[in-house]
Amino acid sequence: MLRHRYYSVRMRASREGIHTSGAEGIYGKKDIIKIVQRCTERAMSHEKGRADEINIKVEGLKEKPQNISSLPLCTLSIKRSGVKKAAIEILKSVGITERAVEEAFKGITIGITMRGAMLMNVEGVRLEPDLLRGVRVTRMGITSNASAILSKKLSKLGLNNDTVKEALILSSKVNKYPMVIGELCISDDPNYTTGYVTTRKHGYVRLPHIKKRGIPYGGRAFFITGGEIKDLIKYLQTTPVLISKIKQCKGLVSIVNKRIP
Ligand code: PML
């Protein structure tokens, strides 16, 4: 009989059919009851409203999670007028064309929030099999030790919240896969105006003012080169990954074309 040492816990909550909150993590058996309770509390007390439907899936993992490091994090000090140009410059420096970044912005800001991310080649051609749903990244988490270290580092920057932590965990998993060379993300939360770009060279670069307050849509684009799309999708959706080491978390920076240590 297979003994599960690790479990994936995924929560999605909605109110009147509209998504209100979600959570995702990988935990040891002894923590499951506590985590399910925490997920339920989150769904019932979310600022977008108390959920009337909560789906929590607890699944024993057949594979031992891969341990990886988080991407280094920083926040670019930038005015609203320069954000798109900065995103283009960062992503162009690793071989992604300006056209691809423009296409990604267009896809994300078109007015529909997809459930998953767009996959784009460096020329901006969409490669995911379902262009309406995109590809959802699942089965990722953080060890409790790494989570405590990350919280401490983010607290010093005034950034210790679930939104930043969860986005960093997701993008660290995504960017670990060699075919992925960059990512652009804009939140779908109308009150959350900071997005980010990532590359392995620059790390996770937060971009304040990437969208105007009040816009209720957003999304993610992963820029990819070479390799088998189906293997990439399998990794994103099924390979369990745990962040066990935390890289540097910096405050405001003004230059990002240098490698962030
Ligand atoms: C951050 O501030 O670093 C997170 C930005 C993107 C959040 C995406 C989301 O809404 O989950």
Side-chain angles (χ1 to χ4, degrees), residues 6 8 23-28 31 63-78 83 86-96 101 104 117 137-187 192 194-208 210 220-225 232 235-236 239-261:
Y6 291 96
S8 153
E24 156 105 37
I26 293 175
Y27 304 94
D31 292 324
E63 253 176 278
K64 190 169 180 275
Q66 275 179 29
N67 283 302
I68 66 163
S69 299
S70 63
L71 288 169
L73 171 147
C74 68
T75 301
L76 189 63
S77 167
I78 192 131
V83 178
I88 290 171
E89 287 308 314
I90 294 167
L91 294 169
K92 251 173 73 178
S93 77
V94 295
I96 298 157
V101 185
V137 186
T138 65
R139 295 191 179 76
M140 67 236 152
I142 184 165
T143 63
S144 52
N145 187 36
S147 178
I149 294 169
L150 180 59
S151 290
K152 201 166 161 195
K153 291 191 181 200
L154 292 177
S155 290
K156 289 190 185 142
L157 306 172
L159 293 175
N160 187 26
N161 58 66
D162 289 337
T163 306
V164 176
K165 280 178 96 170
E166 286 168 7
L168 181 65
I169 294 167
L170 183 148
S171 64
S172 299
K173 173 176 178 178
V174 171
N175 281 270
K176 187 71 189 169
Y177 201 79
M179 272 173 79
V180 178
I181 57 168
E183 178 186 354
L184 169 70
C185 170
I186 301 177
S187 176
Y192 206 93
T194 299
Y196 67 82
V197 287
T198 61
T199 72
R200 274 187 287 281
K201 178 175 160 197
H202 303 90
Y204 176 102
V205 183
R206 304 180 63 248
L207 298 171
I210 201 163
R220 286 184 162 86
F222 304 151
F223 299 98
I224 58 183
T225 54
L232 167 65
Y235 168 80
L236 295 174
T239 302
V241 167
L242 265 178
I243 309 294
S244 57
K245 200 165 166 228
I246 303 300
K247 291 268 179 79
Q248 190 179 26
C249 295
K250 274 191 180 177
L252 288 175
V253 298
S254 51
I255 302 171
V256 287
N257 256 344
K258 290 196 188 121
R259 183 181 285 274
I260 297 167

Is any side-chain heavy atom of [X] closer than 4.5 Å to a side-chain heavy atom of [Y]?
X	Y	answer
Y192	T163	yes
I181	T199	no
Y196	L207	no
V241	K176	no
I243	T143	no
T198	Y204	yes
L242	Q66	no
S151	K165	yes

Please report the closest heavy-atom contact between [X] and [Y], naming both atoms and the distance.
X	Y	answer
S8	R139	OG-CG, 4.1 Å
C74	V253	SG-CG2, 3.7 Å
V197	A87	CG1-CB, 3.9 Å
P208	V83	O-CG2, 3.3 Å
G141	I169	O-CG2, 3.7 Å
S244	N67	OG-CB, 3.4 Å

Return the [atom1] to [atom2] distance between [X] and [Y], rounded to the nearest 0.5 Å.
X	Y	atom1	atom2	result
S70	I246	OG	CD1	4.0 Å
L150	C249	CG	SG	5.5 Å
L91	E89	CG	CD	10.0 Å
C185	L170	SG	CG	8.0 Å
K173	L71	NZ	CG	14.0 Å
F222	L236	CZ	CG	6.0 Å

Taking R220 for its side chain and E183 for its backbone only, find out whether a donor-acceptor pair lies under 3.5 Å.
no
D31 side chain to Y27 backbone, donor-acceptor under 3.5 Å:
no
Walk me through whether L159 and R206 qualify under side chain to side chain contact (heavy atoms under 4.5 Å, CB included).
CA-CA 11 Å; L159 293 175; R206 304 180 63 248; 3.5 Å; yes
Could you go through L252 and L157, starting from their C-alpha distance and side-chain angles, then the distance that decides it, and tell me whether this counts as side chain to side chain contact (heavy atoms under 4.5 Å, CB included)?
CA-CA 9 Å; L252 288 175; L157 306 172; over 6 Å; no
Can you name the residues that form a salt bridge (charged side-chain N to carboxylate O under 4.0 Å, His left out) with E24, not counting sequence neighbours?
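So E24 forms no salt bridge (charged side-chain N to carboxylate O under 4.0 Å, His left out) with any residue.
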Does the pair V101 and K92 meet the rule for a side chain to side chain contact (heavy atoms under 4.5 Å, CB included), with working shown?
CA-CA 8 Å; V101 185; K92 251 173 73 178; 5.8 Å; no
Taking only residues two or more places apart in sequence or in another chain, which ones pass ring-ring contact (aromatic ring centres under 6.0 Å, His included) with F223?
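Expected list: none.
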S93 and H202: side chain to side chain contact (heavy atoms under 4.5 Å, CB included), yes or no, with the steps?
CA-CA 10 Å; S93 77; H202 303 90; 3.0 Å; yes
